[in-house]
There are 2 protein chains.
Amino acid sequence: MDEAATRVLDAAECLFYERGIHAVGMDELRSASGVSLKRLYQCFPAKEQVVVAYLRRRHSRWLGEMRAFVEGHEPGSRVAAVFDWLDGWFREPGFRGCAFVNSAGEMGAGSPVVLAVAREHKVAVRGFFGELTGDETLATQLSLLAEGAITLAAVGGDPSAACQAKDAAAVLVDQMLSSSRFRSKSGHR
Amino acid sequence: MDEAATRVLDAAECLFYERGIHAVGMDELRSASGVSLKRLYQCFPAKEQVVVAYLRRRHSRWLGEMRAFVEGHEPGSRVAAVFDWLDGWFREPGFRGCAFVNSAGEMGAGSPVVLAVAREHKVAVRGFFGELTGDETLATQLSLLAEGAITLAAVGGDPSAACQAKDAAAVLVDQMLSSSRFRSKSGHR
DNA sequence: TGCCAGCGAGAACGGTCGTTCTCTACCCTA
DNA sequence: TAGGGTAGAGAACGACCGTTCTCGCTGGCA
């Protein structure tokens, strides 16, 4: 990837997330990145492609950082670690919710490709919970809690949502463990 | 309230929710509602006030409909009924997620009043769960599940999120009941 | 009947957007 | 040194936005 494109995406990641997509014009992207308008349009023939590239890169970074944090914990406490990581994120200055949900809400109705990128992100998050738990149902339920926490932390302005979600997640994990132990011990049929 | 204002809000509720706020201009609001631009600006001196009024009215309707549905069920199955109601909502044609989350994501960064209305909505939803359960912690956890279900149904395009959330909610409610029974029976101290 | 306040229709205005074009300066090659 | 292709700076363009203004009409009242 071009170094100019990287600078554009750096600027886009700050500005789009902070103020929303339609509130940031190409001119502002230009002045913030120091990349001329001509070159900007050589890298990204339209604004929508800047948005898509911004979201794709943010997806890699976000999931990578979460994964690195979680995998630094014992296997038995990794689900809880996810919510600890979310808690740290919620308390960062400038936290404004999920970039993918915000972008999809803003452009999704008129831009199927942005909606698709957001969807891929959510599928990947659920997949990560699947890796952690090895159980599809539990993975979905945990991703529900995580999504809810992100939404309530952003819109509700309450970072403690992560902690509440962590407690609920512990209950769900316990329940799943005991029910699967029960199933394997009783071995029905 | 003026009948013209009602017609404007009817149009706004359809258009803003379906296509997003900044994608719908005042001219389109005028033609869709049949209210002249002059009168529209008499009712709402700026677009932001249309947005706020739209959100407030939607909040009343949405919570009212959910409440009516839930209160038509036995007290013991009302938490589950919330998620049944969400399931029906998710399957409606044109479902596009939470209007408050979408609006806050689109305008929240530049419009504190819109963010505040969205926040009030989320507080009210949590309060409703509080009425149902009589337990603050459980209410928060259930609202996390509900918010997560809305997000995943909208962005992930998966209406079955409501069903998954319902199952998780049942686990959390059971756990809460058994732990409080335990506490009252053992009567610690 | 004459008059005036209020209305709707839509033009007008200033601003901003995404995108393209122009022009100038520069660098690499011959 | 001469020339041509490239890049940057920024003007230009057409479209659209939110908002205001104009203007002709209407309908109630003296």
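Sequence lines set the chain letters: A, B, ... in the order given, protein chains first and strands last, and positions in each chain run from 1.
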Apply salt bridge (Lys or Arg N to Asp or Glu O under 4.0 Å) to B/Asp10 and B/Arg57, showing your working.
CA-CA 10 Å; B/Asp10 289 342; B/Arg57 205 185 62 167; 2.8 Å; yes

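- Non-hydrogen atoms lying under 4.0 Å from DNA chain C are contributed by A/Val24, A/Gly25, A/Met26, all within residues 22-30 of chain A.
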Distances under 3.5 Å between protein N/O atoms and the N/O atoms of nucleotides 21-24 of chain C, please, pair by pair.
none

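- Salt bridge present: B/Arg39 and B/Asp2 bring a charged side-chain N and a carboxylate O closer than 4.0 Å.
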Report the C-alpha distance between B/Glu3 and B/Arg7 in whole Å, list the side-chain angles of each, state the deciding distance to 0.1 Å, and finish with yes or no for salt bridge (Lys or Arg N to Asp or Glu O under 4.0 Å).
CA-CA 6 Å; B/Glu3 187 251 345; B/Arg7 287 222 307 277; 2.8 Å; yes

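- Side-chain contact between A/Glu120 and A/Phe100 is absent, with no heavy atoms from C-beta onward closer than 4.5 Å.
- Although no hydrogens or angles enter the test, the distance criterion places no donor-acceptor pair under 3.5 Å between the side chain of B/Arg126 and the main chain of B/Ala139.
- Among the nucleotides D/dT19, D/dG8, C/dG8, the one closest to any side-chain atom of A/Arg39 is D/dG8.
- With contacts defined as side-chain heavy-atom distances shorter than 4.5 Å, the pair A/Leu9/A/Arg58 does not qualify.
- To the nearest angstrom, C1' of D/dA11 lies 15 Å from OH of A/Tyr41.
- Comparing B/Val35 and A/Pro45 along DNA chain C, the residue whose closest nucleotide (by nearest heavy atom) sits nearer the 5' end is B/Val35.
- No side-chain heavy atom of A/Phe16 sits under 4.5 Å from any side-chain heavy atom of A/Leu55.
- Among the nucleotides D/dG18, C/dC7, C/dG8, the one closest to any side-chain atom of B/Gln42 is C/dC7.
- Atoms CD1 (A/Ile21) and P (C/dC17) sit 15 Å apart, rounded to a whole Å.
- A/Leu40 has its CG atom 12 Å from the P atom of D/dA9, to the nearest Å.
- A donor and an acceptor atom, one from each side chain of A/Glu48 and A/Ser111, are located under 3.5 Å apart.
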